[in-house]
S.K.: 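Here it is, the structure in full.
Here is the naming used below: chain letters follow the sequence lines, and residue numbers restart at 1 for every chain. All values below were derived from every heavy atom in this structure, side-chain atoms included, with hydrogens, water molecules and symmetry-related copies excluded.
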2 protein chains.
Amino acid sequence: MSQTRERILAIARELFVRHGYTGTTNADIARELGTTTAALYYHFPSKAAILDGLLAEPLAAYHRITGYLDAGPPAPAELLGAFIDLAADSRELAALIDRDPSVLAVIDKRLPRTIERMTEQVIAALAGPDADRGAVLRAHAAFAAIKHATMAAIALDAGAVDRALDAGALDPADRAEILRIALRILQPPAAD
Amino acid sequence: MSQTRERILAIARELFVRHGYTGTTNADIARELGTTTAALYYHFPSKAAILDGLLAEPLAAYHRITGYLDAGPPAPAELLGAFIDLAADSRELAALIDRDPSVLAVIDKRLPRTIERMTEQVIAALAGPDADRGAVLRAHAAFAAIKHATMAAIALDAGAVDRALDAGALDPADRAEILRIALRILQPPAAD
DNA sequence: GTCTATACCCGGATAGAC
DNA sequence: GTCTATCCGGGTATAGAC
């Protein structure tokens, strides 16, 4: 692995997250890298390719999870847990995906299913087979809650260096709490 | 009110929501309007001004709500309810705000407080005065859930024309359900 | 593997006629 | 109130030397 390539990805990740994909220029990346924009094109054929390099893994994971759904309805805890881990692993990247619509356009070209279609599947699975309107709303709420709470949890540690080694990882206690929250969201009101 | 102005806003709203702010060009708006890009500049001094025209009201409402927080801690149900209504009123616009970072840049120039600062305040208010880590996570979860569930509820009606007059408005039953969900999220796990 | 130089296009915005 | 024409800047990408 060219290690300049890795540096470019690291820099791009940071800039994309902070300023968005369209809000970041090749010149911005090159400046941070200490080279010129032309140098980037030795390592990547296009700007979109840099984005691809960043999102390939998390998107594959997303696709893998929704693939399981085809087999049959999973336990909500499993599904929600998988998404917590996905959000934690991809960190700030998760936010990037649905922030900039132009990112979606880039992504959807290289995916078997569109993001939108995958999300629909997840909602359907969370809402359950005989979902009424309330169940669908709760599924949306749970899905959104997981993603944002996970990102918030990681962000809370952003400054703290004393949290042992793996700064940026999701605290197991936080994971448990978030899962608990999400599962409770899915409960119909009658079960209150 | 120039009614061409209103048409431009309506068109821009739709395009911004669908393709994002940076993903929409003046040419796109002009095409839909049936004129040229130059014509837009008779009605608005810049592209950013069109965005302003669209977001002014919802942002003022957001600012008004956070203003109340300065006075003292509100009942969570009031605060959450206010945000459900805000999300419902601004519809798809709500999504626009935290999607494109360049939108944030435009907005923050004309706001007394930054969006980020306002969000922090809301989270703090929802988490409560003696908030532990779990309470903060629950606050984030509740805030995200409200926004997404409300947008989902409205989206569910998108196609249905038979829902009497006010298509696009939030069903009171949905509102109640979403509020119930959000309030439950804020409950500490012990209260399960 | 990185440079200089530059082509090319496109988006926002302006000038001035009608 | 809208047009034609055009400027300007900046962004992606390429050519070709080193």
Side-chain angles (χ1 to χ4, degrees), chain A residues 1-56 96-97 99-110, chain B residues 1-56 96-97 99-110:
Chain A
M1 291 283 173
S2 156
Q3 62 130 302
T4 326
R5 195 190 141 91
E6 298 308 311
R7 278 192 62 215
I8 292 173
L9 287 175
I11 291 167
R13 167 189 293 243
E14 196 189 320
L15 294 179
F16 286 172
V17 167
R18 181 154 26 228
H19 306 294
Y21 173 66
T22 48
T24 302
T25 69
N26 288 343
D28 293 334
I29 299 173
R31 190 180 317 116
E32 204 70 24
L33 185 65
T35 64
T36 62
T37 62
L40 297 177
Y41 284 82
Y42 176 81
H43 302 278
F44 293 92
S46 71
K47 186 188 177 187
I50 301 180
L51 182 64
D52 273 351
L54 241 26
L55 296 183
L96 187 61
I97 291 180
R99 268 171 95 135
D100 199 332
S102 23
V103 171
L104 274 185
V106 172
I107 288 172
D108 278 344
K109 278 176 191 158
R110 43 183 310 292
Chain B
M1 291 280 174
S2 157
Q3 61 132 301
T4 324
R5 196 190 140 91
E6 299 307 312
R7 277 193 62 216
I8 292 173
L9 286 176
I11 291 168
R13 167 188 292 244
E14 196 189 320
L15 293 178
F16 286 171
V17 167
R18 185 162 15 235
H19 306 294
Y21 174 66
T22 47
T24 302
T25 68
N26 287 344
D28 292 335
I29 299 173
R31 190 180 317 116
E32 204 70 23
L33 186 66
T35 65
T36 61
T37 63
L40 298 177
Y41 284 81
Y42 176 81
H43 302 277
F44 294 92
S46 70
K47 186 189 177 189
I50 300 180
L51 182 64
D52 273 350
L54 241 25
L55 296 183
L96 189 61
I97 292 180
R99 269 172 95 135
D100 200 331
S102 23
V103 171
L104 275 185
V106 172
I107 288 172
D108 280 343
K109 278 176 191 158
R110 46 184 308 294

S.K.: Take the protein atom CG of A:Leu51 and the nucleotide atom C1' of D:dT12, then report the distance between them rounded to whole Å.
M.R.: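 These atoms are roughly 15 Å apart.
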S.K.: Expressed in angstrom and rounded to an integer, what is the separation of A:His43 atom NE2 from C:dG1 atom P?
M.R.: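 In whole Å, C:dG1 P and A:His43 NE2 are 6 Å from each other.
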S.K.: Which heavy atom of A:Arg5 sits nearest a heavy atom of A:Phe44, and at what distance?
M.R.: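 Smallest heavy-atom distance, with atoms named: NH1-CE2, 3.4 Å.
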S.K.: What are the two closest heavy atoms between A:Pro101 and B:Arg18, and how far apart are they?
M.R.: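 Taking every non-hydrogen atom into account, CB-O, 4.3 Å.
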S.K.: From C-beta outward on B:Lys47, which listed nucleotide comes closest to its side chain: C:dT2, D:dG1, C:dG12?
M.R.: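 Among C:dT2, D:dG1, C:dG12, the one nearest the side chain of B:Lys47 is C:dG12.
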S.K.: Of the non-hydrogen atoms in A:Ala30 and A:Thr37, which two are nearest, and what is the gap between them?
M.R.: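 Smallest heavy-atom distance, with atoms named: CB-N, 3.6 Å.
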S.K.: Any donor-acceptor pair under 3.5 Å linking the side chain of A:Asp100 with the backbone of A:Thr22?
M.R.: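 Yes; judged by distance alone, with no hydrogens or angles, the pair exists.
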S.K.: Considering only side-chain heavy atoms of A:Thr25, which listed nucleotide, C:dG12, D:dT12, C:dT2, is closest?
M.R.: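 Looking only at side-chain atoms, A:Thr25 lies closest to D:dT12.
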S.K.: Of all the heavy-atom pairs spanning B:Leu15 and B:Thr24, show the shortest one and how long it is.
M.R.: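 Closest approach of B:Leu15 to B:Thr24: O-OG1, 3.2 Å.
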S.K.: Just N and O in the side chain of B:Thr35: are any of them under 4.0 Å from OP1 or OP2 of D:dT2?
M.R.: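 It does not, given that no N or O in the side chain of B:Thr35 lies less than 4.0 Å from OP1 or OP2 of D:dT2.
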S.K.: To the nearest angstrom, how far is B:Phe44 atom CZ from D:dG1 atom P?
M.R.: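 Rounding to the nearest Å, CZ of B:Phe44 and P of D:dG1 are 12 Å apart.
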S.K.: Can you check the B:Tyr21 OH to C:dG11 C1' distance for me, whole Å?
M.R.: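 Going from B:Tyr21 (OH) to C:dG11 (C1'), I get 11 Å.
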S.K.: Could you tell me the separation between the CG atom of B:Asn26 and the P atom of D:dC3, rounded to a whole number of Å?
M.R.: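 So the two atoms are 14 Å apart, to the nearest Å.
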S.K.: Please classify the nucleic acid contact of B:Thr22 as base, sugar-phosphate, or nothing, using heavy-atom distances under 4.0 Å.
M.R.: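 It contacts nothing in the nucleic acid.
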S.K.: Can you tell me the distance, in whole Å, between the OH atom of A:Tyr41 and the P atom of D:dG11?
M.R.: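 Result: 12 Å.
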S.K.: Calculate the interatomic distance between B:Glu6 atom CD and D:dG1 atom P; express it in whole Å.
M.R.: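 Going from B:Glu6 (CD) to D:dG1 (P), I get 12 Å.
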S.K.: With the side chain of B:Ala38 defined as its heavy atoms from C-beta on, choose the nearest nucleotide among C:dT2, D:dG1, C:dA15.
M.R.: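 Given the options C:dT2, D:dG1, C:dA15, the side chain of B:Ala38 is closest to C:dA15.
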S.K.: Go through D:dA13, D:dT2, D:dC3 for me and flag the one nearest to the B:Tyr42 side chain.
M.R.: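 For B:Tyr42, the side-chain atoms sit closest to D:dT2.
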S.K.: How close or far is atom P of D:dT2 from atom CZ of B:Arg7, stated in whole angstroms?
M.R.: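 Taking atom P of D:dT2 as the reference, CZ of B:Arg7 is at 9 Å.
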